[in-house]
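Position 1 is the first residue of the sequence; numbering continues from there.
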Amino acid sequence: MNILEYVKASLRIKTVDVTIDTYLSELIDSAKSDLCRTSDISSEVFIGEDINPLLKQAIAMYVGFNWTSDMNKASKYKELYDDLKAKISMSSYFSEDD
């Protein structure tokens, strides 16, 4: 399952609209950039389809808080994203030095 399919399944987005898929893909790219910038991880961890489950979940939560119009859900997704991002930034597994 590619990252777009994973995010759509995680957030229960059932549309097959190309425009929405394009927007979601842009949010996914934004999440990757944010994780690299703020968690000090290498962009190489996102190469290929075999992305670490913790990173995939963080990406889904980033997309969730930017996607939903429900402020309660957005707040929860943001909280979960921040928690995952903190865990990722503390892990030497994702370090650029490895």
Side-chain angles (χ1 to χ4, degrees):
M1 172 183 304
N2 71 33
I3 190 67
L4 177 60
E5 292 169 349
Y6 177 85
V7 167
K8 288 174 74 172
S10 295
L11 300 174
R12 295 175 176 84
I13 300 170
K14 297 181 185 196
T15 185
V16 291
D17 186 307
V18 175
T19 304
I20 290 174
D21 283 356
T22 300
Y23 179 66
L24 291 171
S25 293
E26 290 171 359
L27 287 175
I28 290 167
D29 289 341
S30 294
K32 291 176 182 179
S33 293
D34 187 67
L35 286 168
C36 289
R37 184 178 51 82
T38 61
S39 297
D40 196 31
I41 62 173
S42 170
S43 60
E44 293 176 8
V45 299
F46 298 112
I47 295 173
E49 294 295 319
D50 191 26
I51 298 173
N52 182 282
L54 192 61
L55 293 173
K56 288 187 344 185
Q57 188 62 32
I59 291 167
M61 295 303 97
Y62 180 95
V63 173
F65 80 77
N66 283 286
W67 170 259
T68 187
S69 58
D70 181 325
M71 294 309 293
N72 290 327
K73 281 185 181 179
S75 177
K76 187 64 176 171
Y77 289 143
K78 176 73 166 107
E79 181 181 324
L80 290 168
Y81 174 71
D82 289 339
D83 182 57
L84 289 166
K85 186 167 63 168
K87 289 175 180 162
I88 290 165
S89 64
M90 289 186 285
S91 172
S92 62
Y93 181 82
F94 302 107
S95 175
E96 286 192 48
D97 297 332
D98 290 344

task = Could you list the residues that satisfy side-chain contact (heavy atoms from CB on, under 4.5 Å) with D17, not counting sequence neighbours?
result = T15, T19, I20

inquiry  = Under the rule for side-chain contact (heavy atoms from CB on, under 4.5 Å), what residues qualify as partners of K85, not counting sequence neighbours?
reply    = D34, L35, T38, S39, Y81, D82

note = Taking every heavy atom of Y62 against every heavy atom of S30, the minimum-distance pair comes out as OH-CB, 3.5 Å

ask   = Does some side-chain heavy atom of Y77 sit less than 4.5 Å from a side-chain heavy atom of L11?
value = yes

request  = Apply side chain to side chain contact (heavy atoms under 4.5 Å, CB included) to the pair I13 and W67, showing each step before the final yes or no.
outcome  = CA-CA 10 Å; I13 300 170; W67 170 259; 3.6 Å; yes

query = L4 pairs by side chain to side chain contact (heavy atoms under 4.5 Å, CB included) with which of I59, L27, I28, T22?
reply = I28

Interatomic spacing from CG in L84 to CD in E79 - rounded to 0.5 Å = 11.0 Å

task = Rounded to the nearest 0.5 Å, what's the gap from CG on D40 to CE on M90? Could you check?
result = 14.0 Å

key: Spacing of K32 atom NZ and I41 atom CD1 [to the nearest 0.5 Å]   = 10.5 Å

key: Whether S75 side chain and M71 backbone form a donor-acceptor pair below 3.5 Å   = no

query = What's the shortest heavy-atom distance between Y23 and N66, and which atoms?
reply = OH-O, 4.0 Å

query = How many angstroms lie between atom NZ of K8 and atom CG of D21, to the nearest 0.5 angstrom?
reply = 3.5 Å

key: Heavy-atom neighbours of K76 NZ exceed 12 at 6.0 Å   = no

